[in-house]
Structure formats: C-alpha cells, structure tokens
Novice: 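Following this message is one structure expressed as structure tokens.
Predicted model only: the values in this text are computed from it and were never measured.
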Amino acid sequence: MLDLETLGLDPGCVILSLGAVAFDEEGVKETFSRSISLKSCDEAGLEIDAGTLEWWLGQDENVQEQLTGGDELTEVLHEFSEFYSGAEEIWGNSPSFDCEILSAAYDAANAPVPWEFYHERCFRTLKAMPGAVDLEREGDHHDALDDAVHQARRASATLARWSE
C-alpha cells in the first residue's frame, strides 16, 4: 500500500513524503516511510502547486512539519525500489494519483519505475465494494505512513473476509 503527501495533484508535482506498507490477508507487515527534501524535488524539475501549498499552510503544525527537511529524492526512490522488490502488487488510494505521481518522480530522477502498470490496485474501489471492512482510524491524517497503514489494515481485513 502506497501513500504520498504532495505539493500538487498532478504527475510532476513535488512529493513531501512517501509511506508504504507490505500487507496480505493476515495483516500489515513491513513499513517504509521517508520524507523528501523540497530542494531535491526542485532540482529534479518537480513543481509546487500554489493552491496545494496554501492548503498545507492551513494544517496543524505537526502536519506542516512535512514541509521541511527530508532526504534526497533519488535516495528515497532507490530505497523504495528495494522495499518494493519482490512485491506482486502496488495499491494506492487511487493509483491514478499515487502511482502516477510516484512514476513521474522516477522519470524526473531518470530512474526505472519498480512496478508494471498491471500491478496497480485501487484501494478506493476496494473500500467502496459491498462487504468491505471499515476500521477505526489510528494515526494522523495526511501522514503518509499513517494513511498507508490504515488503508492496508482495511484492505487486509476486507481481503481476509472475502477469502473465508
């Protein structure tokens, strides 16, 4: 399960943080969480959307902390590729958002995308299906890892219910 926090809504925007969780029907496994420096995103040619930046500046201080610090984009992408290695699927709360934006960052960094388009799965569709499990939210909204963990827990519980 992949979740991004970004400074835009379209491919080619700055990525503030990347959270990911390995999971299956038995539950959440390993996690991956990294913040990405704005400077390294800018150097790669990724862009900031002014409206999205204004939205971030209106959030709580603990959420705004994502706007500073972080590691080099190329380093984070390389480490995520290693984390993803061997996975059979990549889930997003719409692959047309998370996967496309992350794929554009890989392109900007001249790095290979570690998944194929046919590995993409949609959590938004899964959670809208009849019989999907709804769980109480834990963690902060708009924290990439907390969002990915919550989505993975719900997906895991739903898939386990359907496999019974």
Novice: Any chain of hydrophobic side-chain contacts (each under 4.5 Å) joining Leu9 to Ile15?
Specialist: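 Yes, Leu9 and Ile15 fall within the same hydrophobic cluster.
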
Novice: Could you tell me which residues satisfy side chain to side chain donor-acceptor pair (under 3.5 Å) with Thr31, sequence neighbours excluded, listed by chain and number?
Specialist: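 Residues passing side chain to side chain donor-acceptor pair (under 3.5 Å) with Thr31: none at all.
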
Novice: Can you measure from CD (Gln66) to OG1 (Thr6) and round to the nearest 0.5 angstrom?
Specialist: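 One gets 10.0 Å once the value is rounded to the nearest 0.5 Å.
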
Novice: As a quick check of understanding, evaluate side-chain contact (heavy atoms from CB on, under 4.5 Å) for Asp146 and His141, giving each step before the final call.
Specialist: CA-CA 7 Å; Asp146 288 350; His141 289 278; over 6 Å; no

Novice: Do Ser85 side-chain atoms and Ser81 backbone N/O form a donor-acceptor pair below 3.5 Å?
Specialist: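 No, Ser85 side chain to Ser81 backbone: no donor-acceptor pair under 3.5 Å.
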
Novice: Would you check, one step at a time, whether the test side-chain contact (heavy atoms from CB on, under 4.5 Å) holds for Ser37 with Glu72?
Specialist: CA-CA 6 Å; Ser37 81; Glu72 293 293 316; 4.3 Å; yes

Novice: Identify the heavy atoms of Ala104 and Gly12 that sit nearest to each other, and give their distance.
Specialist: CB-N, 3.5 Å

Novice: Counting C-beta onward and ignoring hydrogens, is there a side-chain heavy-atom pair between Arg124 and Phe97 closer than 4.5 Å?
Specialist: no

Novice: Can you name the closest pair of heavy atoms from Ser156 and Gly27 and give their distance?
Specialist: OG-N, 3.1 Å

Novice: Val28, Leu18: one ILVMFWY side-chain cluster at the under-4.5 Å cut-off?
Specialist: no

Novice: Is the side chain of Asp49 donor-acceptor paired with the backbone N or O of Thr52 at a distance under 3.5 Å, no angle test?
Specialist: yes

Novice: Is Asn93 reaching over with its side chain to a backbone N or O of Phe123, donor-acceptor style, under 3.5 angstrom?
Specialist: no

Novice: Looking only at heavy atoms, what is the nearest atom pair of Phe80 and Ala20, with distance?
Specialist: CE1-CB, 3.6 Å

Novice: When hydrophobic residues are tied together by side-chain contacts of less than 4.5 Å, even through go-betweens, does Val149 share a cluster with Leu2?
Specialist: no

Novice: Side chains of Ser163 and Glu25 only: does a donor on one sit below 3.5 Å from an acceptor on the other?
Specialist: no

Novice: Taking Gln64 for the side chain and Gln59 for the main chain, is one N or O donor matched with an acceptor at less than 3.5 Å?
Specialist: yes

Novice: Would you say that Thr158 contacts Lys127 through its side chain, given a criterion of any heavy-atom pair below 4.5 Å between the two side chains?
Specialist: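 No - every pair of side-chain heavy atoms lies 4.5 Å or more apart.
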
Novice: I'd like to know whether Gln151 forms a side-chain contact (heavy atoms from CB on, under 4.5 Å) with Trp91, so could you lay out the CA-CA distance, the side-chain angles of the two residues, the decisive distance to 0.1 Å, and finally the verdict.
Specialist: CA-CA 9 Å; Gln151 292 163 195; Trp91 289 74; over 6 Å; no

Novice: Applying salt bridge (Lys or Arg N to Asp or Glu O under 4.0 Å), can you list everything that pairs with Glu65, at least two apart in sequence or on another chain?
Specialist: none

Novice: Side chains of Leu7 and Leu38: closer than 4.5 Å at any heavy-atom pair?
Specialist: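 Of all side-chain heavy-atom pairs linking Leu38 with Leu7, at least one is under 4.5 Å.
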
Novice: Would you mind reporting whether Leu57 and Leu67 have side-chain heavy atoms less than 4.5 Å apart?
Specialist: yes

Novice: Taking all non-hydrogen atoms of both residues into account, name the closest pair between Trp162 and Ala132 and its distance.
Specialist: CZ2-N, 4.2 Å

Novice: Would you mind listing every salt bridge (Lys or Arg N to Asp or Glu O under 4.0 Å) that reaches into residues 11-24, with sequence neighbours excluded?
Specialist: Asp24-Lys29

Novice: Apply side-chain contact (heavy atoms from CB on, under 4.5 Å) to the pair Arg154 and Val133, showing each step before the final yes or no.
Specialist: CA-CA 6 Å; Arg154 285 187 68 186; Val133 175; 5.7 Å; no

Novice: Is the Phe83 ring parallel, tilted or perpendicular to the Phe32 ring (thresholds 30°, 60°)?
Specialist: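 Rings of Phe83 and Phe32: tilted, 30 to 60°.
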
Novice: Considering only heavy atoms from C-beta outward, does the side chain of Ile90 approach that of Cys99 to under 4.5 Å?
Specialist: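 A side-chain contact under 4.5 Å exists here.
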
Novice: Tell me every residue that passes salt bridge (Lys or Arg N to Asp or Glu O under 4.0 Å) with Asp147, counting only those two or more places apart in sequence or in another chain.
Specialist: Arg137

Novice: Of the non-hydrogen atoms in Met1 and Ala155, which two are nearest, and what is the gap between them?
Specialist: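 Distance-wise, the nearest heavy atoms are CE-CB, 4.0 Å.
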
Novice: Please tell me if the side chains of Cys41 and Ile36 come closer than 4.5 Å, counting only heavy atoms from C-beta onward.
Specialist: yes

Novice: Would you name the heavy atoms of Ser40 and Asp71 that are closest together and state the gap between them?
Specialist: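 Looks like OG-O, 3.7 Å.
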
Novice: Considering only heavy atoms from C-beta outward, does the side chain of Pro95 approach that of Glu100 to under 4.5 Å?
Specialist: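 Answer no - side chains too far apart.
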
Novice: Among the clusters formed by ILVMFWY side chains lying less than 4.5 Å apart, do Val113 and Phe117 turn up in the same one?
Specialist: no

Novice: Could you measure the distance from the CG atom of Asn110 to the CG atom of Leu77? Nearest 0.5 Å is fine.
Specialist: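 Taking CG in Asn110 and CG in Leu77, the distance rounds to 11.0 Å.
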
Novice: So, taking the atom named NE2 in His150 and the one named CG in Asp143, what distance separates them when rounded to the nearest 0.5 Å?
Specialist: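 Output value for this atom pair is 13.0 Å.
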
Novice: Of all residues at least two apart in sequence or in a different chain, which pass the salt bridge (Lys or Arg N to Asp or Glu O under 4.0 Å) check with Arg121?
Specialist: Glu89

Novice: Between atom CG of Leu46 and atom CD1 of Ile101, what is the distance when rounded to the nearest 0.5 Å?
Specialist: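 So the CG of Leu46 and the CD1 of Ile101 are separated by 10.0 Å.
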
Novice: Can you find a pair of side-chain heavy atoms, one from Leu145 and one from Val21, that are under 4.5 Å apart?
Specialist: yes

Novice: Who pairs with Glu75 by salt bridge (Lys or Arg N to Asp or Glu O under 4.0 Å), at least two apart in sequence or on another chain?
Specialist: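 By the salt bridge (Lys or Arg N to Asp or Glu O under 4.0 Å) rule, Glu75 matches Arg34.
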
Novice: Atom OG in Ser17, atom CG in Leu4: separation rounded to 0.5 Å?
Specialist: 7.5 Å

